[in-house]
Amino acid sequence: MDETLLALLAKDFPSAEAVSTEIINLHAILCLPKGTEYFFSDPHGEAEAFGHLLNTASGVIRDKIEGLFARSVPLAQREELSLLITQPETVLPARAGQPGFEDWCRIAIYQTVQVCRQLASKYTRSKVRKMMPARFAYILDELLHADTEENKEEYYAAIIDSITATGIAVGFLTELCALVRRCAVDRLHILGDIFDRGPHADEIIEQLMTFPDVDVQWGNHDIHWLGAYLGSPVCAASVVRLGISYNNFDLLEDGYGINLRALSMFAAQVYRHDPCTVFRPHLLDQNTYDPVDEALAAKMHKAIAVIQFKLEGQLYRRHPEYGMAERSLLERVDYRAGTLCTDGRTVPLQDRLFPTVDPADPLALTPEEQALMDTLTLSFTHSRALRRHFRFLFSHGGMYKICNGNLLYHGCIPMTADGAFDAVTLDGRRLSGRAYLDAVDRKLHDAFFGAPGSPAREDALDYIWYLWCGPRSPLFGKSKLSTFERYFTGDEALWQETLDPYYTFIEKRETCEKILAEFGLPPAGSHIVNGHVPVRAGEHPRKGDGLLYIIDGGISKAYHGRTGLGGYTLIFNSHHLALAEHRPFEEIRQNPAASAPKVQIVEPMPRRLRVADTDTGALLRGQIARLEELLAAYRGGLLPERG
């Protein structure tokens, strides 16, 4: 290390003693057990279900309770303790009105502290202190670290008695339960698709923003919303269309402040004689703040869908290099005959009413449609909540991540029919594999940070649409998005969306080994963690002889018919890699006590992993090496000590 860097380091460690103390501290941290990592995928706006999975640590908290109290505490009390830790806001008010509440609080505090102590044992005391709420930090620290031998038993009991006697038991238990939940999750990985379908993507992001160590691998639905926020009219139209189709008016209007009044007035007028039958929204969730008449919602849905199809057709004209000209389906409609010509076939339309489409120029927006899109786009770009959330997603996100030997991404690595990495032209370069994902990452940064109105930024904004639904997009991974065909034709053969060959080849170990090698990872001890495609009922998420896991198990209610599940969570702790299979949240809501997931250990570690075995361990060893140089400089007289 050169003298300048040594001098900078010396500002934080001004003496040999200070350096020695830090070296000792870092060596000790290397010996701690590896923290538990959780991998979630495709929450799709299901904030309540996602919060449950997060708060229960996918069943790990319940396992800790069983390990501590299975032989000493009755089952009903263990179940109540589990509910208390995961849902204190529900359990405490219900208990508060019952006789003996103070005695119950004493027992609950004692038991919850035991659970917290076990979960916190993986961390340094300083790290646990940082997780504690300031108002109870001193009390929590004493309870967690006071021993229970004779000289401290009365002291320990006196603290708990004082908590109940002073009337702060409810607040204290609430904060203690939050600390337990925080200690159960050391690092959180989100494999994309936070947005769309479910009612509250905004609440999911708010939950993520409270975690000190979280990363996000962007999904095509996240990029979809990013394009809308950055001012892409076609993305804005598509986001609104999909939001209306799933009755997400609360998210659009209350969560993000998107003004839909102009759309409702336009649709009510232009489509007043059109029943818009096939555009009735999916009513999976009810709106709290902005209930909308279903018939009006259908008209709004059709109005914005037609605008989207016009805008995407215009985009395909601007970018023939995307190879998507055939997806400009408004240009393939015979408006007199009421038919669509696509894929070499001519099929009848089940909806033939297009009052805003000029057959001579079907992609042209009417003046009213243009004014509407100007209003909608402005709503997205001026949304403070979206700005805050996407700054977070950009600072914590990317196309992929390599962490502790695991490769994480949302969609796929595009492949050819013979199993090679597919080469895609982007900005004049032929790219494949990791280089392609790196270039996409840079392109998204051009869109986010580029100068408004510059050619590079406008090109990047258009490319976001390709990432949303392009045939060789690593975030989409299908031949097409058959939205138009599903709305306007009853021919299910035209609805088919063919998956990228990637999804066939990942069944083979050699393919997964090739992908890992492409990203610089050895097959031994490494894994690929993948989202995007829901694992269907009867299918196992384990692929490639255990090298790859697809963990989109269907948290979204929209997928429960296909998956029969409430999602998967992958858990990587110091002992093993485990897969948690969750029940649909509707079932859990009806019977909270029976919410424990089915957990399968899919790969035991050959020995218990320590911090030294992780990426953090490598960073700490580098810090130790630099500190040892500084220590040698002090002891050799090259730098004067200041302490």
Side-chain angles (χ1 to χ4, degrees), residues 224 227-228 232-247 249 252 258-282 292 294-318 324-342 347-377 379-380 465 468-469 480-490 494-495:
H224 187 216
S232 164
V234 65
C235 287
S238 183
V239 161
V240 171
R241 176 194 62 78
L242 195 52
I244 293 174
S245 74
Y246 282 93
N247 198 37
F249 287 94
L252 288 165
I258 306 305
N259 184 357
L260 299 181
R261 178 171 173 77
L263 173 59
S264 67
M265 294 174 63
F266 172 83
Q269 174 63 28
V270 174
Y271 294 90
R272 62 188 179 279
H273 300 307
D274 185 344
C276 301
T277 305
V278 298
F279 290 90
R280 294 272 172 165
H282 306 286
V292 175
E294 188 179 346
L296 176 58
K299 297 179 191 302
M300 295 168 68
H301 189 181
K302 182 174 180 180
I304 198 65
V306 171
I307 291 172
Q308 176 198 312
F309 298 137
K310 289 182 177 184
L311 291 171
E312 63 178 284
Q314 294 174 19
L315 185 144
Y316 301 145
R317 281 183 180 175
R318 290 196 299 274
M324 297 179 70
E326 76 283 355
R327 299 302 303 154
S328 182
L329 295 182
L330 283 176
E331 295 184 288
R332 295 174 175 268
V333 171
D334 184 328
Y335 292 93
R336 282 190 176 181
T339 58
L340 171 70
C341 182
T342 184
V347 296
L349 298 178
Q350 58 187 0
D351 183 333
R352 303 182 180 189
L353 299 175
F354 294 94
T356 68
V357 176
D358 177 0
D361 189 6
L363 302 185
L365 295 181
T366 66
E368 294 79 12
E369 287 175 323
Q370 184 63 60
L372 169 59
M373 284 313 304
D374 290 343
T375 298
L376 279 176
T377 303
S379 278
F380 278 99
W465 181 259
W468 159 242
C469 63
K480 66 180 181 181
L481 188 60
S482 57
T483 307
F484 189 97
E485 293 92 330
R486 290 173 185 271
Y487 284 143
F488 290 104
T489 81
L494 292 178
W495 300 1

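With sequence neighbours excluded, the residues satisfying side chain to side chain donor-acceptor pair (under 3.5 Å) with S482 are R486, E497. Under the side chain to side chain donor-acceptor pair (under 3.5 Å) criterion, Q314 pairs with no residue, sequence neighbours left out. Residues satisfying the side chain to side chain contact (heavy atoms under 4.5 Å, CB included) test with T339, not counting sequence neighbours, are D334, A337, T346. Taking the side chain to side chain contact (heavy atoms under 4.5 Å, CB included) definition, one finds that R332 meets it with E326, L329, L340, sequence neighbours left out. Residues passing the side chain to side chain donor-acceptor pair (under 3.5 Å) test with D374 are Q370, sequence neighbours excluded. Every residue was checked against the side chain to side chain donor-acceptor pair (under 3.5 Å) condition with R352, not counting sequence neighbours, and none meets it. Residues passing the ring-ring contact (aromatic ring centres under 6.0 Å, His included) test with F488 are F279, F354, F484, sequence neighbours excluded. Considering only residues two or more places apart in sequence or on other chains, H224 meets the ring-ring contact (aromatic ring centres under 6.0 Å, His included) condition with W468. Applying the side chain to side chain contact (heavy atoms under 4.5 Å, CB included) test to E294 and every residue at least two apart in sequence or in another chain returns R280, P281, L283.
The shortest side-chain heavy-atom distance between W465 and L311 does not fall under the 4.5 Å cut-off. Taking the side chain as every heavy atom from C-beta outward, Y316 and E331 never approach each other to under 4.5 Å. Annotation: side chain of V333 is not in contact with side chain of P362 (no heavy-atom distance under 4.5 Å). Counting heavy atoms from C-beta outward, C469 and M324 have side chains that approach closer than 4.5 Å. Looking only at side-chain heavy atoms (C-beta outward), L263 and I244 come within less than 4.5 Å of each other.
Of the possible polar contacts, none joining the S238 side chain to the C235 backbone as a donor-acceptor pair under 3.5 Å is found. Looking at S264, its side chain does come within 3.5 Å of a backbone N or O of R261 through a donor-acceptor pair. Judged purely by atom type and a 3.5 angstrom limit, R327 uses its side chain to pair as donor or acceptor with the backbone of L481.
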Quiz item: Would L349 and Y335 satisfy side-chain contact (heavy atoms from CB on, under 4.5 Å), going step by step from the backbone distance to the final call?
Solution: CA-CA 10 Å; L349 298 178; Y335 292 93; over 6 Å; no

Exercise. Would you sort out whether L376 and I304 count as a side-chain contact (heavy atoms from CB on, under 4.5 Å), showing the intermediate values?
Key: CA-CA 11 Å; L376 279 176; I304 198 65; 3.8 Å; yes

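In terms of heavy-atom proximity, Y487 sits nearest to Q350 at O-NE2, 2.9 Å. Between A228 and F380 the shortest heavy-atom distance is O-CB, 3.2 Å. Nearest approach of N259 to A262, heavy atoms of both residues: OD1-N, 4.3 Å.
The line from CD1 of I307 to CE of M373 is 6.5 Å long, rounded to the nearest 0.5 Å. Here L252 contributes atom CG and S379 contributes atom OG; the two are 10.0 Å apart, rounded to the nearest 0.5 Å. Atoms OG1 and CG, on T366 and L372 in that order, are 8.5 Å from each other to the nearest 0.5 Å.
Note on residues 307-316: pairs passing salt bridge (Lys or Arg N to Asp or Glu O under 4.0 Å), not counting sequence neighbours, are K310-E369. Within the structure, the salt bridge (Lys or Arg N to Asp or Glu O under 4.0 Å) test picks out no pair touching residues 353-364 (sequence neighbours left out).
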Name each donor-acceptor pair under 3.5 Å that joins a side chain in residues 265-278 to protein atoms two or more places apart or in another chain, with its distance.
unit_1: R272; atom_1: NH1; unit_2: Q269; atom_2: O; d: 2.5
unit_1: D274; atom_1: OD1; unit_2: C276; atom_2: N; d: 2.8
unit_1: D274; atom_1: OD2; unit_2: K302; atom_2: NZ; d: 2.6

